[in-house]
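Below is one structure, written out as structure tokens; the observations come after it.
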Amino acid sequence: MRAEYPKVLCPNVNVLCFSGHDPTGGAGIQADIETIAALGGHALTVITAYTVQDTANVSRVAAPDFALFQAQIEALLADCSIQAIKIGLLGSTRQIPEIVKVIRRLKVPVVLDPVLRAGGGTMLTTRKMLAALELQLLPWVNVVTPNAAEARWLAPGAADRDACGTELLKWGARNVLITGGDEPGPAVVNSWHQKNRAPRRFVWPRLPQKFHGAGCTLASAIAVLLAQGHSMAAALQDAQAYTHETLKRARKIGHGRSIPGRLP
Ligand code: PLP
């Protein structure tokens with residue numbers, strides 16, 4: 001199985017992950033740790049939110065103590081070299097300026113997975129959080145990876161998917177990868193949007209199950225590949241291929257959706 005994984009260009013990379021804790025282990029910080037380890041990197045982890053959830057849906061989200069969050073960041077920055085940043089579910093808008101400070105200090109690739117709604121339907125964001133993501137965070141992001149519904153929430157005035165991509169580029173994200181796992185159809189169509197270039201589409205066979213944690217897996221795979229020195233094109237392609245493999249190996253651990261098989 002390992003042979004199918006992308007080649008590690010630069011070993012010993014650390015990826016700083018700002019993510020929520022999902023007790024099922026399907027999404028959130030555990031998805032980041034497993035993905036980054038499977039692809040040859042190391043995850044440094046700062047928890048942004050605790051959740052109550054099962055493999056079907058999220059019922060509660062709580063932010064951790066803010067001073068603890070700040071102290072964890074400081075301790076990591078003082079000690080470890082960091083080659084990329086991955087941001088997932090956020091617990092409060094106060095966390096965003098702290099994360100921006102880290103981005104400005106480190107100047108490494110930043111991947112944002114804007115987790116706005118759980119696959120099971122629970123909204124995980126507010127109007128205030130949406131505005132803060134767009135105004136404060138998107139300008140610092142190398143690639144943002146919304147699913148199609150999240151892209152529409154972030155760009156409510158856009159007429160179609162390509163217009164959503166253009167709108168998110170206007171907020172300042174340098175690359176936008178809109179995923180289509182949440183849309184109907186015989187194939188999953190993802191699209192890569194960049195300024196002054198035609199969008200590029202990636203088409204993947206649709207697998208029969210429903211998944212929990214696919215978006216986190218994809219975003220952390222992109223982050224570790226960028227950390228290792230891959231180009232954006234290679235990172236997006238190989239991260240999708242890796243994620244597709246993990247979905248083919250998905251495990252049904254509960255009564256809801258299956259979780260990706262990320263470890264070799
Ligand atoms: N919980 C956490 C902590 C997450 O980060 C995410 C998604 O990124 C979810 C739940 C929802 O995952 P899904 O939509 O795949 O069920």
Side-chain angles (χ1 to χ4, degrees), residues 15-36 43 45-64 69 85-92 95-96 99 110-126 129-130 133 137 141 143-154 177-183 188 190 204 206-224 239-240 242-244 246-262:
V15 179
L16 175 57
C17 301
F18 293 99
S19 293
H21 176 246
D22 163 14
T24 76
I29 207 74
Q30 188 166 330
D32 297 350
I33 295 168
E34 291 181 1
T35 300
I36 290 166
T45 56
V46 175
I47 300 287
T48 49
Y50 296 100
T51 68
V52 179
Q53 64 180 298
D54 56 24
T55 52
N57 204 359
V58 177
S59 55
R60 201 164 145 196
V61 179
F69 172 82
I85 298 171
K86 186 257 166 175
I87 306 162
L89 176 66
L90 295 174
S92 73
Q95 292 170 348
I96 292 179
I99 294 174
V110 179
V111 181
L112 170 65
D113 177 22
V115 183
L116 306 183
R117 188 178 72 170
T122 299
M123 278 313 285
L124 299 174
T125 195
T126 57
M129 175 67 85
L130 218 53
L133 279 177
L137 206 46
V141 159
V143 53
V144 60
T145 62
N147 62 29
E150 288 163 340
R152 286 192 294 272
W153 281 313
L154 287 163
L177 182 72
I178 301 179
T179 59
D182 60 328
E183 292 197 312
V188 172
N190 302 335
W204 300 92
R206 187 175 294 278
L207 300 168
Q209 311 97 298
K210 294 264 178 247
F211 303 105
H212 169 52
C216 308
T217 304
L218 175 66
S220 47
I222 297 169
V224 68
Q240 289 175 75
Y242 168 74
T243 303
H244 188 69
T246 70
L247 299 182
K248 286 205 284 197
R249 298 201 299 271
R251 292 172 62 173
K252 191 145 172 65
I253 58 154
H255 293 97
R257 286 164 290 140
S258 302
I259 70 164
R262 288 172 286 246

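We count ligands from 1, going down the list as the structure has it; atoms in each ligand are counted the same way. Side chains included, hydrogens not; waters and symmetry mates left out as well; all remaining heavy atoms used.
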- [ ] Kindly state each residue pair satisfying salt bridge (charged side-chain N to carboxylate O under 4.0 Å, His left out) with at least one member in residues 207-224, sequence neighbours excluded.
- [x] none
Task: Option from V141, L90, I87 for which side-chain contact (heavy atoms from CB on, under 4.5 Å) with L133 holds - done: L90
Please table the atom pairs, donor to acceptor, closer than 3.5 Å between any side-chain atom in residues 17-29 and protein atoms at least two apart or in another chain.
{"from": "S19", "atom 1": "OG", "to": "D32", "atom 2": "OD2", "distance (Å)": "2.5"}
{"from": "S19", "atom 1": "OG", "to": "K86", "atom 2": "NZ", "distance (Å)": "3.4"}
{"from": "D22", "atom 1": "OD1", "to": "T24", "atom 2": "N", "distance (Å)": "2.9"}
{"from": "D22", "atom 1": "OD1", "to": "T24", "atom 2": "OG1", "distance (Å)": "3.0"}
{"from": "D22", "atom 1": "OD1", "to": "Q53", "atom 2": "NE2", "distance (Å)": "3.4"}
{"from": "D22", "atom 1": "OD2", "to": "T24", "atom 2": "OG1", "distance (Å)": "2.9"}
{"from": "D22", "atom 1": "OD2", "to": "G26", "atom 2": "N", "distance (Å)": "3.4"}
{"from": "D22", "atom 1": "OD2", "to": "A27", "atom 2": "N", "distance (Å)": "2.8"}
{"from": "D22", "atom 1": "OD2", "to": "H212", "atom 2": "NE2", "distance (Å)": "2.7"}
{"from": "T24", "atom 1": "OG1", "to": "G26", "atom 2": "N", "distance (Å)": "3.1"}
{"from": "T24", "atom 1": "OG1", "to": "H212", "atom 2": "NE2", "distance (Å)": "3.4"}

Task: Side chain to side chain, V46 and L16, heavy atoms closer than 4.5 Å - done: yes
- [ ] Could you tell me whether a side-chain N or O of T48 sits under 3.5 Å from a main-chain N or O of L89, the two making a donor and an acceptor?
- [x] yes
- [ ] Show the protein residues that qualify under the rule heavy atom under 4.0 Å from an atom of ligand 1, listing them in chain and number order.
- [x] G20, A27, G28, Q53, V58, L89, D113, V115, A118, G119, H212, G213, C216, R257
Which side-chain N or O atoms in residues 111-119 pair as donor and acceptor under 3.5 Å with protein atoms at least two apart or in another chain?
none

